[in-house]
Amino acid sequence: MPAWLDEIVAEEPLLLPGHAACAGCGPAINVRHLLGGLAAATPERRIVLVIPASCWTIVAGIWPVNAFGVAVHLTPFASAAAEASGIKAALRLQGRGDTHVVVWAGDGATADIGFSGVSAAAERDEDLIYVLNDNEAYMNTGVQKSGATPEGAWTTTTPAGAPRRGQKKDLARIMAAHGIPYVATLALGSVPMVRDFRAKVARAAEIEGFRFLHVLGGCPPGWRYPTERTTELARLVVETDYFPLVECDHGEWRTTLRPKRTLPVREFLAGQGRFAHLADEQVASIQEHVEARRRLLAREEQNGAPA
């Protein structure tokens, strides 16, 4: 085992055992590596985690219980970015401005209900790490469609007879258009993906200003798959180009991890109940859009700046 992986295995987890996340919860794996990566990159700096309404306000626990080894502040759906900005300002006044203030927000709080606050904080270039914990629907309240729900997906508000029309919001590109210092996409499904994930967290830790990490994580109840497939699906999101791993560092785009062999998107869609109703022509449409996004990214990399 590589030395860097030994170090990760030996870390004291900042998501504590006994938390209330579902079995197979992809975001539980992701937040463990997010916090571990920040602590490893900047061990001298404290972390404050700001969580808007989501599954994770439940997982975090009710005071005085806390499932995390860091300070946690819970907020309403729309105000996480604003409250995080206030927390950062207060810490500066106390002489503790080097504290990492990290928002851990779902796609509903980011793409929809809280988007104006996120956009405003990015426009002000607040010194925050904003993490979009994307499981592609409002999972905590019953699997309703969000702005990040993918094309063709079943949710309780887009039933199989009338599935999600149109494509999900491209939040990474939207946030990069704000001119912020750093944007990256992350997922965990293999050892190389762990290394990519940790490198992006470390990069975010060393930059000042508004940093946006878009982290995709599977939800067994919402995506309707067996719990043991979480890391397999996280690997397939990259190997099918459904969710390319990229970063935009001070305006320059690059792909950070390429699959050795690109698989058809059907490989990712298969086995998830939320896509089980799709006909061949609908799968072909999703494949077309995946390839179009890849071509757009290739042009951005070639130009060295967002299109």
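The figures here come from the full heavy-atom set of this structure, side chains too, leaving out hydrogens, waters and symmetry mates.
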**Item:** Heavy-atom neighbours of Leu93 CG exceed 12 at 6.0 Å
**Value:** yes

Quick test of your reading of the model: are Glu239 and Lys260 salt-bridged, counting only N-O distances below 4.0 Å?
no

message = If the threshold is 4.0 Å, N to carboxylate O, is there a salt bridge linking Asp127 and Arg211?
response = yes

key: Polar side-chain atom of Asp134 near backbone of Val215 as donor-acceptor pair, under 3.5 Å   = no

Here the gap from Asp196 atom CG to Glu247 atom CD, rounded to the nearest 0.5 Å, amounts to 8.0 Å

Going by heavy atoms in the side chains, are Tyr182 and Ile207 under 4.5 Å from each other?
yes

Can you confirm whether Arg92 is buried at CZ, in the sense that more than 12 heavy atoms of other residues, nucleotides or ligands lie under 6.0 Å from that atom? yes

Excluding Val238, membership of its hydrophobic cluster (Ile, Leu, Val, Met, Phe, Trp, Tyr; side-chain heavy atoms within less than 4.5 Å) reads Met139, Val143, Trp154, Met193, Leu216, Trp223, Tyr225, Leu233, Leu236, Val237, Tyr242, Phe243, Leu245, Leu257, Leu263, Val265, Phe268, Leu269, Phe275, Leu278, Val283, Ile286, Val290

### Message
Closer than 3.5 angstrom, by distance alone: can the side chain of Thr110 be matched with the main-chain N or O of Leu132 as a donor-acceptor pair?
### Response
no

**Asked** Just wondering, are more than 12 heavy atoms of other shown residues or ligands nearer than 6.0 Å to CD in Glu208?
**Response** no

Could you tell me whether a side-chain N or O of Glu301 sits under 3.5 Å from a main-chain N or O of Thr255, the two making a donor and an acceptor?
yes

The complete set of ring pair (Phe, Tyr, Trp, His ring centres under 6.0 Å) pairs with one or both residues in residues 11-30, sequence neighbours excluded, reads none

Side-chain polar contacts of residues 111-121 - donor-acceptor pairs under 3.5 angstrom, sequence neighbours left out - could you list them?
{"residue": "Asp112", "atom": "OD1", "partner": "Gly147", "partner atom": "N", "Å": "3.2"}
{"residue": "Asp112", "atom": "OD2", "partner": "Tyr138", "partner atom": "OH", "Å": "2.9"}
{"residue": "Asp112", "atom": "OD2", "partner": "Gly147", "partner atom": "N", "Å": "2.9"}
{"residue": "Ser119", "atom": "OG", "partner": "His178", "partner atom": "NE2", "Å": "2.7"}

query: Do Arg224 side-chain atoms and Gln272 backbone N/O form a donor-acceptor pair below 3.5 Å?
result: no

| said: Has Ser79 got a side-chain atom pairing as donor or acceptor with Ala82's backbone, closer than 3.5 angstrom? | reply: no

#### Entry: Residues, nucleotides or ligands: over 12 heavy atoms within 6.0 Å of Gln94 CD
yes

